[in-house]
Protein chains: 2
Amino acid sequence: MSVAPLLSRRDRSRLATVAEIKSTALTLMRENATTDVTFTDIARAMGMTAPALYRYFDDRDALLTALIADGYSALGEALAEAAGAIGDDDVGGRWAAAAGAYRQWARSEPQQFALVLGMPVAGYTAPEEGPTTEAAKNAMDQLAGLFLGAARLGVLGPPLITEASAAIAACQAEHHSEMSALIAPATFQAMLQTWAMLHGFTCLEAYGHLDWLEPAARDALFASHVRLAALASGLPVPRSDRPIG
Amino acid sequence: MSVAPLLSRRDRSRLATVAEIKSTALTLMRENATTDVTFTDIARAMGMTAPALYRYFDDRDALLTALIADGYSALGEALAEAAGAIGDDDVGGRWAAAAGAYRQWARSEPQQFALVLGMPVAGYTAPEEGPTTEAAKNAMDQLAGLFLGAARLGVLGPPLITEASAAIAACQAEHHSEMSALIAPATFQAMLQTWAMLHGFTCLEAYGHLDWLEPAARDALFASHVRLAALASGLPVPRSDRPIG
DNA sequence: GGCAGATCGTGATGCTGCATAACGAACACG
DNA sequence: CGTGTTCGTTATGCAGCATCACGATCTGCC
């Protein structure tokens, strides 16, 4: 336990440069509205030359991998933070907050959202065990936490669709065994559908397919969407007098 | 009204080449699991050289534009064909068939699906009036047809969420005035949510985020999803004894 | 303080793909 | 059987990815 800094001056400088590269890449993505970013452009924007970037990232895929990994964390943290700002007993409010965070993050970082939850990138090969599914797991865990909390509080009603196939129950047992005791297969199914609903709206809006709707109408539609998802899955329905998203 | 062929031999050959270029591009996209396709690869796969392709498409964007336009048509036709195979009076069946076609098309052509309804392509500039929103319009029109048919048959129940904001009603009046007489704003809102639900599941599955579910579980989840959407929007719920999608 | 080693950034280089231009081959038509 | 168009090729310029060798800078240790 020394008082010496955990990282040397050089390491800090290096981390700062890595961070600057990533943020510059994201800025360029935002400006050009694409996930296709060039080392040359990043370097030029930073006042450097392209080969210098190879000191920090092995190749373009490594940079993308890092951005995707950051995306996982950023999205997960945004969800956790939004839900954490609401009291544990207000499960409906937590759901609305998390859903709103999901939407807002996708709107503010559509390219990173596309990297993480959109179509897998071109030559991108999963580093270990497929991070593509990891994003799914991450989002699912946040949702699962909501449902588990609701179940423990006794405020988790039955889902609108009460039948669930044995195949779904089997997958729940295999991949989310920790929740099998508290969450019925039909509710697990409804949880997946809740995610799909949220994701569907978010994708449509983030990629401009709802631009023909006025912003106010989109907000209203989203709020209604969040309430519908709660209604369908047995979650407490968020209060309608508080703005969502 | 002559009996002469509408197209000369040369024109037919040209159209065939154009079609071959597009299908080769799609094949390469499928094989490489990306929307990023190179003229060089297309030409090589066709036993030609890259510059020859410029006789048929001004540049890479023009090819993408054509593929996107084809995507609109293909998706729209797939939906119309699937729905058309079901009797007009079975609105629930038509909805299930159309939803299944949406899903299957996205699964069989994930790259084209990404082009049409995913994130807008990099340097791609909308040729006229933004075809991005045109895809939305197209999909919406198919859905709107279902709801209008249900309304005319008197089998369209109330949506689960009966409140709709004035902003949504205004957008309905502005962009879909033809249906304002038969479709209440709350149902219009539910229609959008139905689309978002369908789109969300489709995106998650097409991009591999549901791969951890067994195929049988995914099928069951989708069937349940389609029934839930019908339930939420007031459409007749599809029969559960007929496989969906 | 000064030196050895590691780190960092640059210019030079090779490869590939996009796009254009100029040339030659094949075809339709009178 | 010529003539003009269409088509496909080779040749060229340009930009980005990736690597290498070199010089500059910084770190840490004696």
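Chain naming here is simple, since letters A, B, ... match the order of the sequence lines and numbering starts at 1 in each.
- The 5' end of DNA chain D is approached more closely, in terms of each residue's nearest nucleotide, by A:R44 than by the other of A:R44 and A:D58.
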**Prompt:** What would the secondary structure line of DNA chain C be in dot-bracket form, counting Watson-Crick and G-U wobble pairs under 3.5 Å, with [ ] for pairs that cross earlier ones and | for pairs with another strand?
**Reply:** ||||||||||||||||||||||||||||||
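- With sequence neighbours left out, B:Y56 forms a ring-ring contact (aromatic ring centres under 6.0 Å, His included) with no residue at all.
- Taking a 4.0 Å limit (strictly below) on heavy-atom distances, residues 19-30 of chain A does not reach DNA chain D anywhere.
- Mapping A:F39 and B:T49 onto DNA chain D by nearest heavy atom places B:T49 closer to the 5' end of the strand.
- Residue A:F57 is classed as having no contact, given no heavy-atom separation below 4.0 Å to the nucleic acid.
- Checked against side-chain hydrogen bond (donor to acceptor under 3.5 Å, both in side chains), B:R30 has the following partners two or more places apart in sequence or in another chain: B:E109.
- For A:F113 and A:H199, the ring centers are positioned less than 6.0 Å apart.
- In this view, A:R44 and A:D41 satisfy the salt bridge (charged side-chain N to carboxylate O under 4.0 Å, His left out) rule, not counting sequence neighbours.
- Nucleotides of DNA chain C that come within less than 4.0 Å of any heavy atom of chain A span, from the 5' end to the 3' end, C:dA6 to C:dA12.
- Contacts of A:F147 classified as ring-ring contact (aromatic ring centres under 6.0 Å, His included), with partners at least two apart in sequence or in another chain: none.
- Residue pairs meeting the side chain to side chain donor-acceptor pair (under 3.5 Å) criterion with at least one member in residues 15-29 of chain A, sequence neighbours excluded: A:K22-A:D70.
- Classification of the B:H176-A:W212 ring pair by plane angle, with boundaries at 30° and 60°, yields perpendicular.
- When DNA chain D is scanned 5' to 3' for any atom under 4.0 Å from a heavy atom of chain B, the first and last hits are D:dT5 to D:dA11.
- For B:E81, the CD atom sits in a loose shell: 12 or fewer heavy atoms of surrounding residues, nucleotides or ligands are nearer than 6.0 Å.
- Taking the side-chain hydrogen bond (donor to acceptor under 3.5 Å, both in side chains) definition, one finds that A:Q172 meets it with nothing, sequence neighbours left out.
- For A:Q193, the side-chain hydrogen bond (donor to acceptor under 3.5 Å, both in side chains) partners two or more places apart in sequence, or in a different chain, are B:S224.
- Residues B:R55 and B:D59 each lie close to DNA chain C; by heavy-atom proximity, the contact nearer the 5' end of the strand is made by B:D59.
- Under the side-chain hydrogen bond (donor to acceptor under 3.5 Å, both in side chains) criterion, B:Q111 pairs with no residue, sequence neighbours left out.
- Not less than 6.0 angstrom separates the ring centroid of B:F39 from the ring centroid of B:F57.
- The cationic group of A:R103 does not satisfy the cation-pi geometry with A:F201, failing either the under 6.0 Å distance to the six-membered ring centre or the 45° limit from the ring axis.
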